[in-house]
Amino acid sequence: MLQLFDTATQKITPLTMRDPGIVGLYVCGPTVYGPAHVGHGRALLTYDILRRFLEYTGLAVRHVSNITDIDDKIINLARAENRPFLAVAQEWEARWWATMDKMGVLRPTATPHATAYVTEMIDLIASLIDRDFAYATDDGVYLRAGRVPHYGLLSHQSIEDRRAGARVELGEHKEDPIDFVLWKIAKPGEPTWPSPWGEGRPGWHTECVVMSLALLGEGFDLHGGGQDLIFPHHDNERAQATANGQHFARHWMHNGLVTVAGEKMSKSLNNFTTLDELLEHCDPRSYRLLVARAHYRSPLEVNATTIESAASSLARIDALVRRLGEIVPLAPSEEADGLRQRFVTAMENDLDSPSAVAEIFEAVRRANSLSDLGDLAAARALTDMVQELLGALGIEVHGSEVVDSDVADLVARRDLARLDRDFAASDLLRAELEALGWVVEDTPAGTRVHR
RNA sequence: GGCGGCGUGGCCGAGUGGCUUAGGCAAGGGCCUGCAAAGCCCUCUACCCCAGUUCGAUUCUGGGCGCCGCCUCCA
């Protein structure tokens, strides 16, 4: 059974399922007003790997991830571009999915939009007011955070400490600095929805409460996001559900952030690389491997060196499959079963993908070694398992590539030249192939080329 | 200041109270190859500092130094 570090208890505990065999997973999705960057990519890949692994072990995953399509940033951008906020949101959402497709990230099973749940959010806020956990002022509705049992459960910050550091924006009329906004009364020119407290729009945290409970139900299994969401976002989500007397997520996980030269990559620091930029010169599998090679809770250094390192190690796997992919597959071997067991054991230990990946590379070396010794059947069995396990991480291995007839012709001519031991001609043909961007490998089966 | 976390070899990055050569990348040597490529073998640079616990600590405890994240929008 999968054990995961729970942010609330700060302990590694079994991920128990409310409904046996089905994992209900809610991951906070993007506010759509700009390009997805490498930091988003890490989070998305982390949860994609989690989901694929759960499915690999035979579980069904209900994976809900929201799209925040109403927000100050979106409004500001829409104003700057002089178009409706929804046009901004829809454009960037489309780009978001296009990038995720390129990254090989599976679509969540549901992607609710905040604007589609405003009515439900108003109902929740009204209920919170009824329960005396929220109050309306002339600028909005606020949650009495100090009344919520265990407020700060996830950030492990006491209410007193939180109060000492809290800020109040100009124009906010709160009872207590730590209270947070549930409904914002609209300023002129802002998009609005009608509500009992005046025309306005929901605050940031409410949508995730409403949508996770609507789609996954009370006491759903797992709630995730980046570590930078622990406070205020997730503490404030939990506060609302708790104040409303509802069981919320039973387990919380948070992925570590991407760093650049040791500093957090973020929009506000403006040190980010977008995923689209990354993918211009990087195989999406390389970034996925880089992510999987680090533990999900650790910071991850992303730069040209670490990406190239991942790309090189990926090439090693592709080479193995080129070498053994054409041999007739055989029944699974004991050695391959052992590999799978070690892989699963590693992954079940708080998603220890670095150790799981290390097992895979150990098997790659072993398979090459077996192949060198001539035990092709054993090598092939291991190679098949390597491919299967990489598949569980979402990495598809590239074996032999299809070549066009011109290239095939050069390859055939080179084989003939080598058969005649005409090495001068053979080297010229290799140079021609290399000039076309192919890497040439001589094998017992003849010349083989790959990109 | 409060809270959370981290300091491992050239780089990335796991792990453990006493042989893990973790793994990957890079580097050097060898084998293989017509030459390459791929592969295999070998080598190298480690556990921030200081005390303590212990037969023994990189791993446990305490202190110090340094770093990162959150406390404000953020994956």
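Letters A, B, ... mirror the listed sequences (proteins, then strands); counts begin at 1.
Here, B:C60 and B:U16 have their C1' atoms 12 Å apart, quoted to the whole Å. A distance of about 10 Å separates the C1' atoms of B:U33 and B:A38, rounded to the whole Å. Between the P atoms of B:G17 and B:U59, the separation comes to 11 Å (whole Å). To the nearest whole angstrom, the two C1' atoms, one in B:G62 and one in B:A22, are 30 Å apart. Using C1' as the reference atom, B:U20 and B:G13 are 15 Å apart when rounded to the nearest Å. With P as the reference atom, B:C47 and B:G63 are 24 Å apart, rounded to whole Å. The same atom, C1', is picked in B:C19 and in B:U58; the two are 15 Å apart, to the nearest Å.
In this model, a side-chain donor or acceptor of A:D442 finds a partner on the base of B:C35 within 3.5 Å. Interface remark: the A:S355 side chain does not form any donor-acceptor pair with the B:G15 base, using a distance-only criterion of under 3.5 Å. With hydrogens and angles left out, the side chain of A:E362 and the base of B:G23 share no donor-acceptor pair within 3.5 Å.
A:E160 comes within contact range of no nucleotide atom at all, as no heavy-atom separation falls under 4.0 Å. Heavy atoms of A:F231 sit under 4.0 angstrom from primed sugar atoms or phosphate atoms, though from no base atom. Within the nucleic acid shown, A:V439 comes within 4.0 Å of sugar-phosphate atoms alone, with no base atom in reach, counting heavy atoms only. Here A:D427 lies in heavy-atom contact (under 4.0 Å) with a base. Within 4.0 Å of A:V27, counting heavy atoms only, lies no atom of the nucleic acid at all. Using a 4.0 Å heavy-atom criterion, one finds that A:R448 contacts no nucleic acid atom at all. No engagement by A:R451 is indicated, since no non-hydrogen atom pair under 4.0 Å with the nucleic acid exists. Note on A:S313: only backbone sugar-phosphate atoms sit closer than 4.0 angstrom, heavy atoms only; bases stay farther off. Residue contacts for A:S312: at a heavy-atom cut-off of 4.0 Å it reaches the sugar-phosphate backbone alone, with no base atom in range. Nucleic acid contact class of A:L300 (heavy atoms, under 4.0 Å, all strands): sugar-phosphate only. Counting non-hydrogen atoms under 4.0 angstrom, A:E301 reaches the backbone sugars and phosphates but no base.
Under a 4.0 Å N-O distance rule, the pair A:D337/A:R340 qualifies as a salt bridge. With respect to A:D372 and A:R323, a salt bridge is recorded, a charged nitrogen being found less than 4.0 Å from a carboxylate O. Salt-bridge formation is not detected for the pair A:R201/A:D71: no Lys NZ or Arg NE/NH1/NH2 atom is positioned less than 4.0 Å from an Asp or Glu carboxylate oxygen.
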A:H223/A:H251 under ring-ring contact (aromatic ring centres under 6.0 Å, His included): CA gap, chis, key distance, verdict: CA-CA 6 Å; A:H223 192 132; A:H251 200 111; over 10 Å; no
Pair A:H254, A:F5 - check ring-ring contact (aromatic ring centres under 6.0 Å, His included), show working. CA-CA 9 Å; A:H254 292 93; A:F5 183 89; 9.5 Å; no
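Residue ring and nucleobase are not stacked for A:F361 and B:G23 under a centre distance beneath 5.5 angstrom and an angle between planes beneath 30°.
The side-chain heavy atoms of A:I49 and A:M347, taken from C-beta on, include a pair separated by under 4.5 Å.
Within the structure, a side-chain polar atom (N or O) of A:R365 is placed less than 4.0 Å from OP1 or OP2 of B:C41. Under 4.0 angstrom from either OP1 or OP2 of B:G39 there lies at least one side-chain N or O belonging to A:R316. Residue A:H156 has no polar side-chain atom (N or O) positioned under 4.0 Å from OP1 or OP2 of B:C3. One finds a side-chain N or O of A:S298 lying less than 4.0 angstrom from the OP1 or OP2 phosphate oxygen of B:A14. OP1 or OP2 of B:C40 has at least one side-chain nitrogen or oxygen of A:N368 nearer than 4.0 Å.
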Strictly under 3.5 Å: I want the nitrogen or oxygen pairs between protein and nucleotides 67-69 of chain B, one per line.
from  : atom 1 : to     : atom 2 : distance (Å)
B:C68 : OP1    : A:E263 : OE2    : 3.2
B:G69 : OP1    : A:K264 : N      : 3.4

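Taking every side-chain heavy atom of A:H37 into account, B:A75 is the closest of B:A75, B:G34, B:G24.
Residues passing the side chain to side chain donor-acceptor pair (under 3.5 Å) test with A:R297 are A:D350, sequence neighbours excluded.
Side-chain atoms of A:Y26 and A:D221 form no donor-acceptor pair, as typed in the model, at a separation below 3.5 Å.
Checking B:A51 for Watson-Crick or G-U wobble geometry (two distances, each under 3.5 Å) identifies B:U61 as its partner.
A:W96 and A:H40 have perpendicular rings, their planes meeting at more than 60° on a 0 to 90° scale where under 30° would count as parallel.
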